[in-house]
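Being a predicted model, the structure only gives us computed values, none of them experimental. Counting from 1, the numbers follow the sequence of the chain as shown.
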Amino acid sequence: MPKKNGTMKLGTLINAEPALSSLMGQKLKAKASFRILKVLGQVQPHLDNFRKIQNELLEKHGKEDNGSYKIEPESKSWDTYVSELQSLMDEEVDVSVKKLPLNMFTTVELTVQEAASLDWLVEN
């Protein structure tokens, strides 16, 4: 039986988001698709909450530009923004899903970076 993971840093999920999106667009066996969908069901609320707070931090520290907020590295608030964002990414979140066996991914094409970002999800 595959091991389950538990708590992890929010930043780990943020870094895995592109790879998870890539998996969503690939044709997989039904079982693999279902298991990945279950993972996304647990991960997506954390990603949504991160984006919400990230936008709040941009509004707090950035400047409005054509209806959206941006912050430049030259800004006085840049270091504070980065510090608060890093603190948020260091938060522990619960993602209690079964790790997926590596053989579920035999037809999947991922970059090395994408594969590395899914290390928490795939059991060798």
Side-chain angles (χ1 to χ4, degrees):
M1 172 159 241
K3 291 185 262 181
K4 283 191 171 189
N5 42 35
T7 60
M8 66 179 65
K9 291 189 185 271
L10 179 59
T12 301
L13 293 181
I14 300 304
N15 291 334
E17 189 174 17
L20 290 170
S21 292
S22 177
L23 287 175
M24 290 292 294
Q26 297 198 30
K27 290 190 182 256
L28 302 169
K29 299 277 186 195
K31 183 177 180 178
S33 294
F34 180 74
R35 297 271 305 274
I36 291 168
L37 191 59
K38 284 175 60 176
V39 168
L40 289 171
Q42 279 217 17
V43 168
Q44 196 61 53
H46 296 301
L47 297 175
D48 292 344
N49 288 337
F50 172 79
R51 297 286 177 238
K52 180 179 184 267
I53 294 170
Q54 181 185 34
N55 285 334
E56 289 172 3
L57 289 174
L58 280 171
E59 286 179 28
K60 179 178 173 184
H61 298 293
K63 292 189 172 158
E64 189 173 3
D65 182 25
N66 292 328
S68 64
Y69 286 85
K70 297 180 181 178
I71 187 165
E72 301 293 330
E74 302 81 33
S75 168
K76 290 186 288 184
S77 301
W78 176 257
D79 289 339
T80 304
Y81 168 75
V82 170
S83 175
E84 289 185 38
L85 196 59
Q86 186 60 53
S87 177
L88 177 61
M89 292 180 74
D90 287 341
E91 278 294 309
E92 295 282 327
V93 293
D94 182 39
V95 179
S96 205
V97 296
K98 287 182 189 172
K99 286 191 165 205
L100 306 176
L102 184 58
N103 64 7
M104 276 190 166
F105 298 94
T106 54
T107 62
V108 173
E109 292 185 14
L110 295 172
T111 66
V112 172
Q113 183 177 1
E114 289 172 329
S117 74
L118 294 175
D119 187 52
W120 59 274
L121 180 60
V122 179
E123 185 173 60
N124 297 325

Residues that E91 engages under salt bridge (Lys or Arg N to Asp or Glu O under 4.0 Å), provided they are two or more places apart: none
Is it true that, when you exclude Q113 itself, more than 12 heavy atoms of the residues, nucleotides or ligands shown sit nearer than 6.0 Å to its CD? no
Are N55 and Y69 close enough that some pair of their side-chain heavy atoms sits under 4.5 Å apart? no
Short side-chain to backbone donor-acceptor contact, S83 and D79, under 3.5 Å: no
Report yes or no: do V39 and L37 belong to one cluster of Ile/Leu/Val/Met/Phe/Trp/Tyr joined by side chain heavy-atom distances under 4.5 Å? no
Between CG of L85 and CG of D90, what distance do you get to the nearest 0.5 Å? 10.0 Å
R51 and E17 ion-paired at < 4.0 Å: yes
Can K60 and E84 be counted as an ion pair, charged N to O under 4.0 angstrom? yes
Is it the case that the side chain of E123 and the backbone of L102 share a donor-acceptor pair, with hydrogens and angles ignored and the cut-off at 3.5 Å? no
Please check if the side chain of E92 supplies one atom and the backbone of L10 the other of a donor-acceptor pair under 3.5 Å. no
At what distance, to the nearest 0.5 angstrom, does OG of S77 lie from CG of L57? 11.0 Å
Atom CD of residue position E64 - does it have more than 12 heavy atoms of other residues, nucleotides or ligands inside 6.0 Å? yes
